[in-house]
Amino acid sequence: MDLTSANQGKQHEGRNNGVKEITGLVFPTATLILQAPLYVFEGDSVVLRCRETAGVALTNVTLYKNDRLLAFLSNTSDFQIHQADLKDNGAYHCTGFKKGCRSVISNRVNIQVQELLHHPVLRANSSWPTEGEPVTLTCEIQLPPQRSDVRLQFCFFKDGQILGPGWSSSPEFQINTIWREDSGSYWCKAQTVTSRVWKQSRTSQIYTRRVVANVQMHTRPALELVFAGQELVLICSVDGVPGPVRILWYKTSKKQPMKAKIQNSLNEEFKISMVKKRDAGKYYCEANNSHLSFRSKPVTINVKVPVAPPGLTLSPPGDRAPEGDVVTLQCKAQRGSLPIQYQFFREDVFLKEIEVTSLRTSSFSFSLTAEHSGNYYCTADNGLGAQRSRAVHLSIITPVSSPVLTLSPPGPWAVEEDLMTLHCVAQKASPPIQYQFYHGDFTLGSSSIPSGVGACFSFSLTSEHSGNYHCTADNGFGAKHSEAVSLSVTVPVSRPVLTLRAPGAQTVVGDVVELHCEAQRGSPPIQCWFYRNDVTLESNSSLSGGGSSFNLSLTEEHSGNYSCEANNGLGVRRSDAVSLRVTVPLSRPVHTLRAPRAQTVVWDMVELPCEAHRGSPPIWYQFYHEDVTLGSSSAPSGGGAFFNLSLSAEHSGNYSCEANNDLGPQRSEVVTLNVLGELVLPTSSTNRD
């Protein structure tokens, strides 16, 4: 419907904004008029029209919303809002231009979009239904009078899931039978068919109450009177379960129903025509109406059976047990109805009586003493005749005490190559006893002794046998260790070796020489003595072995034969002799001339002697004339040397000599020789004549 904006409010006192009122009707008289619907609801398609009066031509017609440009209407005077909602609320007007650029403004129209749909309300005929009842959900909603003909569709939800086929024109949804799992949060939606305007209800909680049923199971005859071979009837009574009921029978050992029937009556029976032992167990029944299941409490069927011959076992197992241990006698009948009376015997002497009502096993424990050795048996009786077990023999063993280890010969010290005997004995133990001997963690040997006299182990001592020894004793109930015994094996010293340690290849006066005496074998401490030509020089003691040393600052008198002795209390041993020669450096040699006369002349024979008064032989001498070698000579045993020279005139000059014994040459002082011409003998007077 298109109405002018003047129809949206009553005008007063004749003309107002170009609108004229005549007998209750309003006619526009303005040049430019904005037309809009009287009512606008959500989802409506709204047309806004800017109209000029007849004979007026306008250009640049523009539509404004809240004084802000909305659209240019140059080609058409209509503006359409396709689906109105709250964002379209506001004040609208339009403008245009006449000839001469005169601006024309229309009337102002206020558009208020009204809510088409209010939030629906979900109602249920019962918020606390009982399982199996029908429930009707209704989605209630009010439409405004102006839109009472709007077509709606509805959809129902539970916990976020759509119920039924989805959208429907009916505001009701039927739950034919509600169950416990149907409890939850429900809501609905309503929407228009054409414009798709929709609203959602608040959630409503529906709580389904569980059916109170009474399912019980009974037996005929009573439970305590069920015997093998007779008929047993199981009766399931059901009360409070709606609809046709299916009865299912269960035995807990099979997990599958024994029998299933459709029954309208409230009582049902299950028969076992001849009860066997395998029929014993727990039974229960279940009432099921295709959706609900109700289970009875289980009933335990015990089929009474005569007791089988029991078996007697010992714990811990075995026919030997140590004194002081706790042993358990267990008597068990593999077959037989409870209760069972058990009795325990040793050598036909009654020990204990025990009645069991839940298991076919009985046990009896006691601490063992030596008197408990013997034959044991038990009996079982459940009123249908006593049965006896086979006898079990039990021997009580005294565990070994901690053994004592002794050495022979006694004492912590022994000499290499002595025969050593280890003796191990446990003062208290039941034979046979296994003994083992140890050196440190190394096993030496073992011995099994049928009586309690102990065991021995003998061996010849070597130096490696020093250390700690212990033994163990075991008679099958845990090895016991003796205390450790320490043994030190003393080794006699071997023949020592004397070595001379000098700073150089030759020993020279002033050198310090180390005399080292060492025995390769021998237990410390070792005392060493040093000798020169059988004269004692010094003695030293080596507390940990490795030899002893003695330092000697050499003089010329230290040349000679040296030896040493070693002793660790088990005998003295002497080394081989070692010869030491102390080399003496040469003194400066003395060089002289021996001539036949005081004045030497040509053809004289001159002897040039050279001698170093101190120094170790052999000595080499070298003779020089003006540093030119004349010749050489050696003195193997020491002393001096000489050189003979037949003089010529050229032999005048300086002479010297040099001595050397490999410890460095020594040069003499210079001796000068003047050689005269030939000697002229005087002639006699006779000859002159």
Side-chain angles (χ1 to χ4, degrees), residues 495-520 526-542 546-567 572-594 607-624 627 629-643 654-671:
R495 188 174 187 181
V497 176
L498 177 67
T499 54
L500 303 180
R501 299 171 181 172
Q506 288 185 328
T507 52
V508 182
V509 172
D511 285 352
V512 176
V513 175
E514 180 187 4
L515 281 68
H516 184 76
C517 184
E518 183 173 357
Q520 296 299 321
I526 301 173
Q527 189 76 25
C528 293
W529 288 267
F530 296 89
Y531 298 91
R532 181 173 64 84
N533 298 332
D534 295 329
V535 177
T536 303
L537 296 175
E538 179 119 354
S539 68
N540 282 325
S541 179
S542 174
S548 296
S549 296
F550 170 62
N551 292 331
L552 187 64
S553 183
L554 295 179
T555 65
E556 190 174 350
E557 292 77 17
H558 285 133
S559 293
N561 292 322
Y562 289 80
S563 62
C564 69
E565 288 181 347
N567 187 5
V572 178
R573 300 297 297 272
R574 189 150 187 170
S575 71
D576 291 335
V578 177
S579 179
L580 174 64
R581 179 174 175 271
V582 181
T583 305
V584 180
L586 292 172
S587 61
R588 190 173 189 180
V590 177
H591 187 38
T592 58
L593 298 177
R594 295 176 184 170
E607 184 181 85
L608 304 175
C610 184
E611 183 177 2
H613 295 290
R614 184 172 174 273
S616 298
I619 304 172
W620 289 267
Y621 290 95
Q622 196 89 7
F623 297 89
Y624 299 91
D627 292 331
T629 302
L630 295 174
S632 62
S633 180
S634 66
S637 302
F642 61 88
F643 182 75
N654 294 322
Y655 288 81
S656 63
C657 69
E658 187 178 83
N660 192 355
N661 66 348
D662 289 339
L663 296 179
Q666 296 289 334
R667 195 83 172 249
S668 70
E669 292 183 357
V670 174
V671 177

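It should be emphasised that the depicted structure is a prediction, and the values quoted were computed from it without experimental measurement. Numbers here simply count residues along the sequence, with the first being 1.
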_For Arg495 and Asp576: C-alpha separation, side-chain torsions, deciding distance, then whether side-chain contact (heavy atoms from CB on, under 4.5 Å) applies._
CA-CA 9 Å; Arg495 188 174 187 181; Asp576 291 335; 2.3 Å; yes
Mind checking whether [X] and [Y] have side chains closer than 4.5 Å, heavy atoms only?
{"X": "Val508", "Y": "Pro585", "result": "yes"}
{"X": "Pro618", "Y": "Ser634", "result": "no"}
{"X": "Ser587", "Y": "Gln666", "result": "no"}

Pairing residues for [X] by the salt bridge (Lys or Arg N to Asp or Glu O under 4.0 Å) criterion, not counting sequence neighbours:
{"X": "Asp511", "value": "none"}
{"X": "Arg574", "value": "Asp534, Glu565"}
{"X": "Glu669", "value": "none"}
{"X": "Arg614", "value": "none"}

*Test side-chain contact (heavy atoms from CB on, under 4.5 Å) on Leu608 and Val671 and set out the steps.*
CA-CA 10 Å; Leu608 304 175; Val671 177; over 6 Å; no
*Results of ring pair (Phe, Tyr, Trp, His ring centres under 6.0 Å) for Tyr531 - residues two or more places apart only*: none
*Mind checking what makes ring pair (Phe, Tyr, Trp, His ring centres under 6.0 Å) contact with Phe530, not counting sequence neighbours?*
Phe550
Closest heavy-atom pair and its distance - [X], [Y]:
{"X": "Ala635", "Y": "Gly640", "answer": "CB-O, 4.2 Å"}
{"X": "Leu580", "Y": "His558", "answer": "CD2-O, 3.8 Å"}
{"X": "Tyr621", "Y": "Ala612", "answer": "OH-N, 3.1 Å"}
{"X": "Val513", "Y": "Leu554", "answer": "CG2-CD1, 3.3 Å"}

Looking at residues at least two apart in the chain, or sitting in another chain, which of them share a side-chain contact (heavy atoms from CB on, under 4.5 Å) with [X]?
{"X": "Asn567", "result": "Trp529, Val572"}
{"X": "Ser632", "result": "Gln622"}
{"X": "Val590", "result": "Thr592, His613"}

Do [X] side-chain atoms and [Y] backbone N/O form a donor-acceptor pair below 3.5 Å?
{"X": "Tyr655", "Y": "Phe623", "answer": "no"}
{"X": "Thr507", "Y": "Arg581", "answer": "yes"}
{"X": "Asn661", "Y": "Thr583", "answer": "no"}
{"X": "Asn533", "Y": "Asn561", "answer": "yes"}
{"X": "Ser575", "Y": "Cys564", "answer": "yes"}
{"X": "Arg501", "Y": "Leu515", "answer": "no"}

Measuring from atom [atom1] of [X] to atom [atom2] of [Y], what distance do you get when rounded to the nearest 0.5 angstrom?
{"X": "Asp662", "Y": "Leu586", "atom1": "CG", "atom2": "CG", "result": "9.5 Å"}
{"X": "Phe643", "Y": "His591", "atom1": "CZ", "atom2": "NE2", "result": "10.0 Å"}
{"X": "Ser549", "Y": "His516", "atom1": "OG", "atom2": "NE2", "result": "5.0 Å"}
{"X": "Ser563", "Y": "Arg532", "atom1": "OG", "atom2": "CZ", "result": "11.5 Å"}

*With sequence neighbours excluded, tell me which residues meet side chain to side chain donor-acceptor pair (under 3.5 Å) with Arg594.*
Glu607
*Name all pairs fulfilling the salt bridge (charged side-chain N to carboxylate O under 4.0 Å, His left out) condition that reach into residues 548-562, sequence neighbours left out, sorted by first residue then second.*
none
*Can you list the residues that meet the disulfide bond (SG atoms under 2.5 Å apart) rule with Cys528, with sequence neighbours excluded?*
none
